[in-house]
Amino acid sequence: MKKQIYKLDLDDFGDDGEDLAYLFFHTTVPGYVFVDDLNHLYELSLRRLDDLPLEGDGWPLYTYRDSLQMVDYYLIERPAGPASTAPHWAPGHKMMILKGEQALNDAEHIIADFSTPLAHPNTGNPAEEERYNILTSYQQAFTPVTLYDINAPAPTSKKVLRERSELEHLLTTIIDLLDLSGIE
């Protein structure tokens, strides 16, 4: 009987870089309040970890791994101190990195929730009422959520191109720190 040898090629599983989505939340709501709201809205269990050491400062970090959907969530808050990169990412604003096959779909769902006017639920369901109240409060506070498109065409302005380059370098640094730390 002849033995068959199978070779596992890891390239068949795709590149993790293709399964990333970056959401920017332009809000100064304290991180722990914002995280609690996200946990209620999306049935997450974001938890606080040690600060991420970036640009000589500690950036608050919260994580959650959805084992069923195979999506990792990382919420990072820019600290109040000055930072040399990403000037459009103001102190207190948050960024969520979603990593996994469903990352872009989940990111688009979150954007829709924060930007689409809601009808008041008439079901008497407390969970639906809470969801409505949370999202309505962010919408009334004009909390924009932006999906950062790393594949967008290069800007023509040198200033905008430099800022984009700085932001992408910061995003790469964050991903490298998360990967090197083995944070899930």
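Basis for what follows: all heavy atoms, side chains included, without hydrogens, waters or symmetry-related copies. One is the number of the first residue; the rest follow in order along the sequence.
Taken from CG in Leu38 to CD1 in Ile110, the straight-line distance is 7.0 Å, to the nearest 0.5 Å. Atoms CD and OH, on Glu77 and Tyr62 in that order, are 6.0 Å from each other to the nearest 0.5 Å. Taken from CZ in Arg48 to CG in Leu61, the straight-line distance is 8.0 Å, to the nearest 0.5 Å. A distance of 6.5 Å separates CZ in Phe34 from NZ in Lys94, rounded to the nearest 0.5 Å. Taking CG of Asp72 as the reference point, atom CG of Leu178 lies at 9.5 Å (rounded to 0.5 Å). The structure places OH of Tyr64 at 8.5 Å from CG of Leu46, a figure rounded to the nearest 0.5 Å.
Side-chain contact between Thr63 and Arg47 is present, with heavy atoms from C-beta onward closer than 4.5 Å. Looking at heavy atoms from C-beta onward, Trp59 lies out of side-chain contact with Leu177 at the 4.5 angstrom threshold. Asp66 places a side-chain heavy atom less than 4.5 Å from the side chain of Tyr73. Side-chain contact between Glu166 and Arg162: present, with at least one pair of heavy atoms (C-beta onward) separated by less than 4.5 Å.
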Problem - Evaluation steps, side chain to side chain contact (heavy atoms under 4.5 Å, CB included), between Arg65 and Met70 - result: CA-CA 7 Å; Arg65 178 175 182 82; Met70 298 301 293; 3.1 Å; yes
Exercise for the section: Please report the C-alpha distance between Thr27 and His93 in whole Å, then the side-chain angles of each, then the deciding distance to 0.1 Å, and finally whether the side chain to side chain contact (heavy atoms under 4.5 Å, CB included) criterion is met. Expected result: CA-CA 5 Å; Thr27 180; His93 288 184; 5.7 Å; no
Exercise for the section: Show the numbers, then the answer: is there a salt bridge (charged side-chain N to carboxylate O under 4.0 Å, His left out) between Lys99 and Asp179? Expected result: CA-CA 11 Å; Lys99 185 177 179 183; Asp179 286 345; 3.1 Å; yes
Handout entry: Stepwise side chain to side chain contact (heavy atoms under 4.5 Å, CB included) test for Met95 and Leu171
Key = CA-CA 10 Å; Met95 178 185 61; Leu171 295 177; 3.3 Å; yes
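Remark: of the listed residues Val145, Ile97, Asp106, Val145 is the sole one forming a side chain to side chain contact (heavy atoms under 4.5 Å, CB included) with Leu23. The only option from Ile174, Ile175, Leu98 that meets the side chain to side chain contact (heavy atoms under 4.5 Å, CB included) definition with Tyr22 turns out to be Ile175.
Residues forming a side chain to side chain donor-acceptor pair (under 3.5 Å) with Tyr132 (at least two apart in sequence, or on another chain): none. Listed by chain and number, the residues in a side chain to side chain donor-acceptor pair (under 3.5 Å) with Glu168 are Tyr148, Arg164 (sequence neighbours excluded).
Residues Tyr42 and Asp113 bring a donor and an acceptor atom of their side chains to less than 3.5 Å of each other. Under 3.5 Å, the side chains of Asn105 and Gln102 contain a donor-acceptor pair of N or O atoms.
Sorted by first and then second residue, the side-chain hydrogen bond (donor to acceptor under 3.5 Å, both in side chains) pairs with a member in residues 134-145 read Asp37-Tyr138; sequence neighbours excluded.
For Arg131 (side chain) and Leu41 (main-chain N/O), a donor-acceptor pair under 3.5 Å exists by modelled atom type. The main-chain N or O of Glu129 is found under 3.5 Å from a side-chain atom of Asn133 such that the two form a donor-acceptor pair.
Taking every heavy atom of both residues into account, Ala103 and Ala21 meet most closely at O-CB, 3.9 Å. Nearest heavy-atom pair, Asn39 versus Ser45, reported as atom, atom and distance to 0.1 Å: OD1-N, 3.5 Å.
Within the 6.0 Å centre-distance limit, the rings of Phe114 and Phe25 are counted as a close aromatic pair.
Residues Leu135 and Val33 fall within the same hydrophobic cluster, defined by Ile, Leu, Val, Met, Phe, Trp and Tyr side chains chained together at heavy-atom separations under 4.5 Å. With hydrophobic clusters built from ILVMFWY side chains whose heavy atoms lie under 4.5 angstrom apart, Leu75 shares a cluster with Leu147.
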